[in-house]
Colleague: 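Submitted below is the structure of interest, expressed as structure tokens.
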Amino acid sequence: MKQKIILTVISALYSITVLLAQNGTRLIGFDAVTSGRGGTATGFFDNPSLMMNNPAGLSFMKSSEFNLSSSVMAPSVYFKNSINDEKGKNNLFPLGTLSYVRKTPGKFSYGAGIFTQGGMGADFTLNHQLYKDNTGNYVKQPYHSKFAVMQGGGSLAYKITDHFSAGITANLVYAQVEFQMPMSMPPSMMKGVIDPQTGYTFGDMFSSAPENGGLGYSEVVASANMQSLSGFNFNGKFGLAYKPNETFSAGLNYSLPVNLTYKNGKADMDMTYQLNDAFGKVVAGIMQQNPGTTAQQAQQQAMTMFSNLGIDLSKGAVDVYEAQAEFGLPQSLSAGVSFAPSKKIRLGFDAEWINWKKAFKQMDITLKEGTNPNINRMMGSSGELEMAFPMYWKNTVVIRTGAEYEIAKSFIIRGGYVYGSNPVPATTVFPVFPAVVEHHVTLGGTLKVSKFFMVNAAYEYAFRNNVKASAGSFVANEYDNSTSGLKNNIFHISLSWMMK
């Protein structure tokens, strides 16, 4: 019963955290204070988000603090290829954070919190070469994605000396993933054997050139809709903090990689358009080889041919599967410093290396319990399919710079600039996973309502970045030489209560 209640609460929180990320699938900051100064946090020891950025810094916070943060993200996505020039749906995504740090008189400080770490998502309605009605007009298809990550747990910091501290964070990671779009597969996945003597398969038939008796496909396309996949695992962070005086501080933080298996999902697969197109090619081939054959006669011959291959066209090509996927979250290493040239001005600089190359190499998808006899016959399976969805992301370096200025005792303003190299290569960029932004600017401020209560606000703008796909996309032919773009607006507000 307790487990069901916990899962219900997490799902309720998670339902409002679908978002487009800023550095790959990572947010710049976790609250309005750090976001306002460009996400600089590893060497700034002043708020509870240190649990995610550098737990050792908790030792140097001036007091205990409770923080409640809320943000709204308004991304704008874009896609263009030879038959599309479209903006994606204008979504608004709310997200939030809840955290508390206890600063003790002794050597230990600790904290607990729930943080929205990042993710991405997009919605389009696009044309696809395969999807046409009887008059040859395009039938627009939905393209949808959702990937969201939340972490929650606790941190502990130990003050080794008056100026040096070490800390650790242990978090439970919860993630969700969804995809809906025409999904391309290599014909070689169709392992159903047509001729046992030669080993000739449906994949051979679909991929062989027409002059060799094949259908000439370089890919096979199915409408796919994977829903409700979710995964749990644990993450650890280790930090070091050094603060010799009130002018200078420095920190180092390492975050472990997370392996995630997304389970309990459902996947709808519809190969109707692909099978109809293949049937049409067979009919056209029969009429070309046998001049004088009517369309009706050719259709009847084609139906007989498919029947002889074990395909009952009356049973269609639609199925529902149990779905599972595997891909993780990257390890990262960050270093940061803060410097106060005067009592009113504080400057920050962070550099972070993110190991996307290993975490986002590919998404391994497994579909089980399929019952459609036609799909099973063509795939040569008893209802189970496995495929590796290519990603091949690159490692990135993120540079965060920020400053804050105390205009008055009750008011602080902030600003920052962030550069994060684009992790998505031209070979695998596609419109519903467009984590390609690189340049960001931020503004923010804090109003000290009283000695113990502060209101913080921040705004982030991620400049639009367009990435042109390569001539040979690893994802699908429709993305060859296409352009995917993203820009983003994010608004933050957080409330901070200082406690003795």
Colleague: Mark yes or no for whether Asn212, through its side chain, and Ser208, through its backbone, hold a donor-acceptor pair below 3.5 Å.
Modeller: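 It does not hold such a pair.
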Colleague: Would you find more than 12 non-hydrogen atoms of other residues, nucleotides or ligands less than 6.0 Å from Gln296 atom CD?
Modeller: no
Colleague: Hey, are Glu352 and Arg400 close enough for a salt bridge, meaning a charged N less than 4.0 Å from a carboxylate O?
Modeller: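 Salt bridge: yes.
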Colleague: About how many Å separate OG1 of Thr483 and CG of Asn84, when rounded to the nearest 0.5 Å?
Modeller: 11.5 Å
Colleague: Is there a side-chain contact between Pro431 and Tyr479 (heavy atoms, below 4.5 Å)?
Modeller: yes
Colleague: Applying side-chain contact (heavy atoms from CB on, under 4.5 Å), run through Val220 and Met190 and close with a yes or a no.
Modeller: CA-CA 9 Å; Val220 178; Met190 306 177 76; 3.5 Å; yes
Colleague: Measuring from Phe433:CZ to Met391:CE, what's the distance to the nearest 0.5 Å?
Modeller: 4.5 Å
Colleague: Side chain of Asn54, backbone of Gly251: donor and acceptor closer than 3.5 Å?
Modeller: no
Colleague: Is it true that Tyr419 and Tyr417 have ring centroids separated by less than 6.0 Å?
Modeller: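 Not under 6.0 Å, so no.
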Colleague: Tell me, do Glu384 and Thr366 make a side-chain contact under 4.5 Å, heavy atoms counted?
Modeller: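 The answer is yes, as the side chains (C-beta and beyond) meet within the 4.5 Å cut-off.
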Colleague: Tell me whether the rings of Tyr392 and Phe474 are parallel (<30°), tilted (30 to 60°) or perpendicular (>60°).
Modeller: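 It falls in the perpendicular class, over 60°.
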Colleague: For the residue pair Phe279 and Phe306, does the interplanar ring angle fall in the parallel (under 30°), tilted (30 to 60°) or perpendicular (over 60°) class?
Modeller: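 Taking Phe306 first and then Phe279, their aromatic rings sit tilted (interplane angle of 30° to 60°).
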Colleague: Determine yes or no for a side-chain-to-main-chain donor-acceptor pair under 3.5 angstrom, with Ser99 supplying the side chain and Gly113 the backbone.
Modeller: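 Absent.
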Colleague: With side-chain contact (heavy atoms from CB on, under 4.5 Å) as the criterion, how do Asn489 and Glu460 come out once you've worked through the C-alpha distance, each side chain's angles and the decisive distance to 0.1 Å?
Modeller: CA-CA 6 Å; Asn489 293 276; Glu460 298 177 34; over 6 Å; no
Colleague: Tell me, with the steps shown, if Ser218 and Asn477 meet side-chain hydrogen bond (donor to acceptor under 3.5 Å, both in side chains).
Modeller: CA-CA 8 Å; Ser218 60; Asn477 292 343; 2.8 Å; yes
Colleague: Below 30° counts as parallel, above 60° as perpendicular, anything between as tilted: where do the rings of Phe115 and Phe30 land?
Modeller: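 Geometry flag for Phe30 against Phe115: perpendicular rings.
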Colleague: Would you say the side chain of Asn465 lies within less than 4.5 Å of the side chain of Leu486, judging by non-hydrogen atoms?
Modeller: no
Colleague: Quick one: does Gln300's side chain have a donor or acceptor within less than 3.5 Å of a partner on Gln297's backbone?
Modeller: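 Answer holds: no.
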Colleague: Establish, yes or no, whether the cationic atom of Arg377 lies under 6.0 Å from the six-membered ring centre of Phe202 and within 45° of the ring axis.
Modeller: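 No, cation not above the ring by the 6.0 Å, 45° rule.
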Colleague: Holding to salt bridge (Lys or Arg N to Asp or Glu O under 4.0 Å), I want the full list of residues that pass it with Glu219, two or more places apart in sequence or in another chain.
Modeller: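 So Glu219 forms no salt bridge (Lys or Arg N to Asp or Glu O under 4.0 Å) with any residue.
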Colleague: Side chains of Tyr131 and Gln129 only: does a donor on one sit below 3.5 Å from an acceptor on the other?
Modeller: no
Colleague: Is the shortest heavy-atom distance from the side chain of Lys263 to the side chain of Ser230 under 4.5 Å?
Modeller: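 Counting from C-beta outward, Lys263 and Ser230 never come under 4.5 Å.
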Colleague: Quick one: CG on Asn481 to OG on Ser470, what's the gap to the nearest 0.5 Å?
Modeller: 7.5 Å
Colleague: Could you walk me through whether Phe463 and Val441 pass the side-chain contact (heavy atoms from CB on, under 4.5 Å) test, one step at a time?
Modeller: CA-CA 8 Å; Phe463 292 89; Val441 292; 3.9 Å; yes
Colleague: Is it the case that the side chains of Asp312 and Asn374 hold a donor-acceptor pair, with the cut-off being a distance below 3.5 Å and no angle test?
Modeller: no
Colleague: Please name the pair of heavy atoms, one in Gly239 and one in Ala56, separated by the smallest distance, quoted to 0.1 Å.
Modeller: O-CB, 3.3 Å
Colleague: Test: side-chain hydrogen bond (donor to acceptor under 3.5 Å, both in side chains). Region: residues 275-285. Which pairs qualify, not counting sequence neighbours?
Modeller: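 As it turns out, the side-chain hydrogen bond (donor to acceptor under 3.5 Å, both in side chains) pairs with a partner in residues 275-285, which skip direct neighbours, are Tyr217-Asp277.
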Colleague: Taking atom types as modelled and ignoring hydrogens, do the side chains of Lys237 and Asn235 form a donor-acceptor contact shorter than 3.5 angstrom?
Modeller: yes
Colleague: Does a side chain donor of either Thr42 or Asp350 reach within less than 3.5 Å of an acceptor in the other side chain?
Modeller: yes
Colleague: Can Lys368 and Gln324 be counted as having a side-chain donor-acceptor contact under 3.5 angstrom?
Modeller: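 No, because no side-chain N or O of Lys368 sits under 3.5 Å from a partner of the opposite role on Gln324.
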Colleague: With distance as the sole criterion, is a donor-acceptor pair present between the side chains of Tyr78 and Asp85 under 3.5 Å?
Modeller: yes
Colleague: Can you check whether Gln301 reaches Thr293 side chain to side chain, under 4.5 Å on heavy atoms?
Modeller: yes
Colleague: Can you confirm whether the side chains of Ser155 and Thr169 place a donor and an acceptor under 3.5 Å from each other?
Modeller: yes
Colleague: For Val398 and Val418, work out which heavy atoms get closest and say how close.
Modeller: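 Minimum heavy-atom contact is CG1-CG1, 3.9 Å.
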Colleague: Can you name the closest pair of heavy atoms from Asn53 and Ala41 and give their distance?
Modeller: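 It is ND2-CB, 3.4 Å.
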Colleague: Under 6.0 Å between the ring centres of Phe389 and Phe430?
Modeller: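 Yes, the ring of Phe389 comes within the 6.0 Å limit of the ring of Phe430, centre to centre.
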Colleague: What is the minimum heavy-atom distance between Tyr321 and Glu369, and which atoms define it?
Modeller: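 Distance-wise, the nearest heavy atoms are CD2-C, 4.4 Å.
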Colleague: If the condition is salt bridge (Lys or Arg N to Asp or Glu O under 4.0 Å), which residues does Lys191 pass it with, not counting sequence neighbours?
Modeller: none
Colleague: Using the side chain to side chain contact (heavy atoms under 4.5 Å, CB included) rule, pick out the option among Leu309, Asp195, Val282 that qualifies with Met205.
Modeller: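 Only match with Met205 under side chain to side chain contact (heavy atoms under 4.5 Å, CB included): Leu309.
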Colleague: Between Phe327 and Phe147, does the ring centroid distance fall short of 6.0 Å?
Modeller: yes
Colleague: Mind checking whether Lys132 and Asn137 have side chains closer than 4.5 Å, heavy atoms only?
Modeller: no
Colleague: Classify the angle between the aromatic ring planes of Tyr459 and Phe491 as parallel (below 30°), tilted (30 to 60°) or perpendicular (above 60°).
Modeller: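 Tilted.
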Colleague: How many angstroms lie between atom OG1 of Thr427 and atom CG of Asp480, to the nearest 0.5 angstrom?
Modeller: 11.0 Å
Colleague: May I ask you to decide if Thr201's main-chain N or O and Asp204's side chain share a donor-acceptor pair within less than 3.5 Å?
Modeller: yes
Colleague: Determine whether Val318 and Thr272 satisfy the following criterion, side-chain contact (heavy atoms from CB on, under 4.5 Å), listing intermediate values before the conclusion.
Modeller: CA-CA 7 Å; Val318 179; Thr272 301; 3.6 Å; yes
Colleague: Salt bridge between Lys140 and Glu86, side-chain N to carboxylate O under 4.0 Å?
Modeller: yes
Colleague: Just by distance, with hydrogens left out, do Asn355 and Gln331 show a side-chain donor and acceptor under 3.5 Å apart?
Modeller: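 Judged by distance alone, the side chains do pair up.
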Colleague: If you round to the nearest 0.5 Å, how far is CG of Leu260 from CG of Leu329?
Modeller: 5.0 Å
Colleague: Evaluate whether atom NZ of Lys394 has more than 12 neighbouring non-hydrogen atoms of other residues, nucleotides or ligands under 6.0 angstrom away.
Modeller: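 Yes - once you tally the heavy atoms of other residues, nucleotides and ligands closer than 6.0 Å, there are more than 12.
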Colleague: Students often mix this up, so state it plainly: with edges at 30° and 60°, are the rings of Trp356 and Trp393 parallel, tilted or perpendicular?
Modeller: perpendicular
Colleague: Decide yes or no for Asp268 and Lys266: does some side-chain heavy atom of the first lie under 4.5 Å from some side-chain heavy atom of the second?
Modeller: yes
Colleague: Counting heavy atoms not belonging to Met303, are there more than 12 under 6.0 Å from its CE?
Modeller: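 Atom CE in Met303 is not packed in, count stays at 12 or less.
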Colleague: With the side chain counted from C-beta on, respond yes when Thr371 and Asp319 share a heavy-atom pair under 4.5 Å apart, and no when they do not.
Modeller: yes
Colleague: Enter the distance from Ser145:OG to Met226:CE here, rounded to the nearest 0.5 Å.
Modeller: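 Output value for this atom pair is 10.5 Å.
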Colleague: So, for Phe79 and Glu478, which heavy atoms are closest and what is the spacing to 0.1 Å?
Modeller: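 Looks like CZ-O, 4.4 Å.
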Colleague: Minimum heavy-atom separation for Ser49 to Asp31, with atom names?
Modeller: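 Shortest heavy-atom contact: OG-OD1, 3.6 Å.
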